[in-house]
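Structure first, commentary second.
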Protein chains: 2
Amino acid sequence: MNDEATRLQEARDEFVAHWGALGTQWGINRTMAQIHALLMTAPAPMSTDEVMEALSVSRGNAHTNLKELIAWGLIRSVVKKGERREYFEADKDVWNIFTTVAKERKRREIEPALGVLHQCAAETKEMETPAGKQFHEQMRQLEEFVGFASKVADKVAGMKHGFAVQLAAKLLG
Amino acid sequence: MNDEATRLQEARDEFVAHWGALGTQWGINRTMAQIHALLMTAPAPMSTDEVMEALSVSRGNAHTNLKELIAWGLIRSVVKKGERREYFEADKDVWNIFTTVAKERKRREIEPALGVLHQCAAETKEMETPAGKQFHEQMRQLEEFVGFASKVADKVAGMKHGFAVQLAAKLLG
DNA sequence: CACTGGTTTCAGTATTTTCCGAAACCTCGA
DNA sequence: TCGAGGTTTCGGAAAATACTGAAACCAGTG
């Protein structure tokens, strides 16, 4: 039954590979997504060298993306006592992962958009011509909506898991 | 007061430029995002040549991205009667834009992920070792969550604007 | 049927992003 | 202060993506 170990390894490799491919779909670089997949399914924290080995990537690449994952808050480094090197482990709780990603995406995608829309709306506030009014109105509506989305994202990302499930259940019911 | 026309033009250019930059942040190509911004703020439908002119891009580029926007459902082509060439106009309703984007993103980001997770979970369903069980459990949880997200996305994208506002108001209140 | 105005495709080029590999850099213990 | 083990940085190579320009194509009209 050592066969099972092999099949597990295969399944894990598959997961890592596909998750990496998916990552590129959503504008996350492949290596970063792969490392995340790897650590999410690791039975124990892994060192930089283990990651390099498992994914066949260079030290520089592994390092950059480990730091990036830390910056996102998706993994953290742990120090095994008596050891000098760093080990990394991923948060495995799906709800935590979700809220972390949601917060980050909000910061990167929603907030800059709000800034642009707000400015464009402000600049055209006083316009009198139909064209000016129409443009302003479009900006205002977009700003309103995106601002709204921003608030919703905050709210959801701040929820505890149980509460979110309850809410969603009601929504879907 | 022709000055207002100038300022409006500047504001619009700014919007188009920034929206394009934002687009790249979310994995949408710059030109596509710019064309969308342009058409969202156009007082009337525009032809391919007008788009090329306004953004200083090649015909091929304009054409490709116009088709892509049509494929997403964010713009549509209209034929002015008596004219031979195609004109394009964007849906300007923010809620429509949102649901359209949401549907497309779900299709591109959520559905493929579900497939991968489902397969990895299935492949490890019968495993007996702790490592195998743990991996399976992780896949199962991810699949469950993503499936859930998928349903929520459907539900929200299918809502009428008014209803969504009502719901969100309750959520934020 | 051939001309005109318009659309679509695509090979090659430019730009952007990602990755490697190696050197520079820390930090602790001897 | 040196050396070993480990981390960080970064210039340039490689890969992926976007864009151009021009040719092929298509549909009405004279």
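We name chains A, B, ... by the order of the sequence lines, and we start the count at 1 in each one.
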Atom CG of B:Asp49 and atom P of C:dG5 are separated, to the nearest Å, by 12 Å

Contacts of A:Asn61 and A:Arg85 projected onto DNA chain D by closest heavy atom; the upstream (5') one is A:Arg85

(message) Check this one for me: any side-chain N or O of B:Thr31 less than 4.0 Å away from OP1 or OP2 of D:dC19?
(response) yes

field: B:Glu143 side chain reached by B:Leu114 side chain, heavy atoms, under 4.5 Å
entry: yes

Verify, without hydrogens or angle tests, whether A:Arg76 (side chain) and A:Glu89 (backbone) share a donor-acceptor contact under 3.5 angstrom. no

| query | Within a radius of less than 6.0 Å around CD of A:Glu53, do more than 12 heavy atoms belonging to other residues, nucleotides or ligands occur? | reply | no

note: B:Glu83, atom CD; C:dG6, atom P; distance rounded to Å ~ 8 Å

(Q) Please determine whether a side-chain nitrogen or oxygen atom of A:His63 lies at a distance below 4.0 Å from atom OP1 or OP2 of D:dT8. (A) yes

| request: Please work out which of the three classes, parallel, tilted or perpendicular, describes the rings of A:Trp95 and A:His161, given edges at 30° and 60°. | output: parallel

Between NZ of A:Lys81 and P of C:dC28 the distance, given in whole Å, is 19 Å

Heavy-atom nearest nucleotide on DNA chain C taken for A:Gly27 and for B:Gly60; more 5' hit belongs to B:Gly60

Per atom distances to the A:Glu86 side chain, the nearest of D:dA16, C:dC20, D:dT7 is D:dT7

**Message:** How about CZ on A:Arg140, more than 12 heavy atoms from neighbouring residues, nucleotides or ligands closer than 6.0 Å, or not?
**Reply:** yes

Rounded to whole Å, the CD-C1' distance (A:Glu68 to D:dT9) equals 15 Å

B:Ile70 atom CD1 is separated from C:dT8 atom C1', nearest whole Å, by 13 Å

- prompt: Could one point to a donor on the side chain of A:Arg84 or the base of D:dG6 with an acceptor on the other under 3.5 Å away?
  reply: no

OP1 or OP2 of C:dC19 versus the side-chain N and O atoms of A:Asn29: is any pair under 4.0 Å?
yes

- prompt: Contact class for B:Ser56 vs. all strands (heavy atom < 4.0 Å): base, sugar-phosphate, or nothing?
  reply: sugar-phosphate

From NZ of A:Lys67 across to P of C:dT18 the rounded distance in Å is 19 Å

note: B:Arg59, atom CZ; C:dT9, atom C1'; distance rounded to Å ~ 13 Å

note: A:Leu66, atom CG; C:dC19, atom C1'; distance rounded to Å ~ 14 Å

